[in-house]
Every structure is written in structure tokens, then in C-alpha cells.
Amino acid sequence: MKYGLVLILILGAFSLGYWTGTNQAASDIDSNTKQDKPNALTQQDVEAPSVSPQTQNNEHYDADGLQPVKPLSNNGSDMFAESEYSNPDSTPTTRIDSPQEATTKPTPTTTDSLARRELKEWQEKYSEDLEARMQDVLGEASDFMFDKVSSESPLLTKPTAETPLETDIAWRYQAKQIVTDFINTNINDPATEILQVMCIQKMCEATLTGPAQQSAIELHIEFMKQKPFDLNNSSPIFFVKEDDSYWLYLILTFN
């Protein structure tokens, strides 16, 4: 009996110790789990910041997970498109010359300006030469006829330099030859004398003298009928002398 009671006490003490140790271990594990859980959540929050769906689709994050980094395009051109040195509001600038620079720049001389200058100088010399030639042929009547010609001839009233000088010089020579040949071919009076044929800027002057005025009238008609060298108009100015001879000032204009 004595040994049976001792064995029962030993088994009871062992069972009590085992149960107490199991509960203590479970309690310690549960306590440790509750303490570690908040720390795990805090670490997760730091490592994975929340971003919007749009940001997730269009942007990446750098190594620290704090700064958004815009992805480069395939050709890498976006690297400089929004550089901190670029200015999207800037506009191209145009250099404007100062008033002093603008006034000191020489004005280029064009072919047309040369033709106008040459025509103006020619007109002054032509007027003096025509008056002298009329005095030689008409004598005392030259003053009256010169005033008439000066008021009616486009060579003296309204000459215009519409053709560049280089082109006009070549045209003058050709027109003079054609007008001279036309007069010699179509004049009926062999006594007719050609005093002058001169051409400039689509106009020609032909001065003639002869004993038969009718021959000169017919010449004017032939000019208007045949229109040589793209003739536009023929304008005659006659002066009939006391012996029925004539002096003809003929202005021919061309297209």
C-alpha cells in the first residue's frame, strides 16, 4: 500500500507539471505573435507605398520607392523634351536691325532702275538734239513745230522704262533696222530722205523729208496695215513748206 500511494503521487505531480508547462508555452507563443504582427504591418507599409492605378500604369518608382520616374520613349527623345533647361513658353526671336544699320545699308541697283535712269538722261539730250535738228530743216517755223511735237510725242511727254536696260538695248538695234528697211521698201517717192530713225523703250522716232506729201501719208497707212515688228500705233506730225515739200515726224509705238 505504501508503495502504491507513492507511485500515484508521482504520476499526479508529473501530469500537473506537464499541463502547466504546455499552457505556459502556448501563452508565450501567442504573446510573441501579437507583438510581432504590428511591426510586420508597419514594415510593409514603408516598403509598398500606395499609388493610383494611373500611376501604376504610366510611371515606375526609383530604388527608394519614393520618387516617380517617367519612362523613356523608344528613341530616347523625351530625355531632352522636358529638360530643366528647356522653356516651353519661349518663342523664336528675329534680329531687328537698328535704325543706324538700316540707313547705312546700300540700296541694291536693279536693272529697271538703271533703265529709268538711262531713259531720263536720254530724254534730256533727245529734247535738245531734236530742237537743233528741227531748226536746221524748218528754220523760223521750228519753234512752233517743236512746241507741237513736245506736247504730242510720248518720247517727250510720258516715256516709261518698262523694259530692262539689257533687253531694251538689244531691242533698239533690231527695231531700228526693221523700221528703216520698212520705210525704204514701202515709200513710193524715191526722193524721200530719211533724216533720223531712233528707238528706245518700245518706241521709235522716224523723221523724213521729201517733195511729195502723199507718199508720206501712204507710208503711214502701210505701217498701220502691216504692223511690222508687233507695231501698236503710228502717229504722224506733218509740216508742209511753201514749195509743197514736207517734213514728217513719225512716232511708232510697239507692244
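Sequence positions, counted from 1, serve as the residue numbers for this chain.
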Side chain to side chain donor-acceptor pair (under 3.5 Å) partners for [X], two or more places apart:
| X | result |
| --- | --- |
| Asn255 | Asp230 |
| Asp244 | none |
| Ser150 | none |

Could you list the cluster mates of Ile200? Members are the ILVMFWY residues connected by side-chain heavy atoms closer than 4.5 Å, either directly or through other members.
Leu119, Trp122, Tyr126, Leu130, Met134, Val137, Leu138, Phe144, Met145, Phe146, Val149, Leu155, Leu156, Leu195, Met198, Met203, Ile237, Phe239, Trp247, Tyr249, Ile251
Taking transitive links into account, so neighbours of neighbours count too, which hydrophobic residues share a cluster with Met224 at under 4.5 Å side-chain distance?
none
Kindly write out the residues that satisfy salt bridge (Lys or Arg N to Asp or Glu O under 4.0 Å) with Glu131, not counting sequence neighbours, or none if the list is empty.
none
Holding to salt bridge (Lys or Arg N to Asp or Glu O under 4.0 Å), I want the full list of residues that pass it with Asp129, two or more places apart in sequence or in another chain.
Arg133
For the student: nearest non-hydrogen atoms of [X] and [Y], plus distance:
| X | Y | value |
| --- | --- | --- |
| Arg172 | Leu165 | NH2-CD1, 3.9 Å |
| Thr253 | Leu231 | O-CD1, 3.3 Å |
| Val179 | Phe254 | CG2-CZ, 4.0 Å |

Rounded distance [0.5 Å steps], [atom1] in [X] versus [atom2] in [Y]:
| X | Y | atom1 | atom2 | result |
| --- | --- | --- | --- | --- |
| Lys227 | Asn232 | NZ | CG | 6.5 Å |
| Gln196 | Thr180 | CD | OG1 | 10.0 Å |
| Thr167 | Gln201 | OG1 | CD | 9.5 Å |

Tell me the disulfide (SG to SG under 2.5 Å) pairs involving [range], sequence neighbours left out?
| range | value |
| --- | --- |
| residues 216-255 | none |
| residues 150-205 | Cys199-Cys204 |
| residues 223-255 | none |
| residues 209-255 | none |

Is there side-chain contact between [X] and [Y], with heavy atoms separated by less than 4.5 Å?
| X | Y | answer |
| --- | --- | --- |
| Glu162 | Lys202 | no |
| Phe182 | Val197 | no |
| Thr207 | Leu250 | no |

Just by modelled atom types, is the Gly139 backbone N or O under 3.5 Å from a matching donor or acceptor in the Ser142 side chain?
yes
Using atom types as modelled, flag every donor-acceptor pair under 3.5 Å from a side chain in residues 215-223 to any protein atom, sequence neighbours excluded.
{"unit_1": "Ser215", "atom_1": "OG", "unit_2": "Asn188", "atom_2": "N", "d": "3.3"}
{"unit_1": "Ser215", "atom_1": "OG", "unit_2": "Asp189", "atom_2": "N", "d": "3.2"}
{"unit_1": "Glu218", "atom_1": "OE1", "unit_2": "Asn188", "atom_2": "ND2", "d": "2.3"}
{"unit_1": "His220", "atom_1": "ND1", "unit_2": "Ser234", "atom_2": "OG", "d": "2.9"}
{"unit_1": "Glu222", "atom_1": "OE1", "unit_2": "Gln226", "atom_2": "NE2", "d": "2.7"}

Glu121 with Lys125: basic N within carboxylate O range, under 4.0 Å:
no
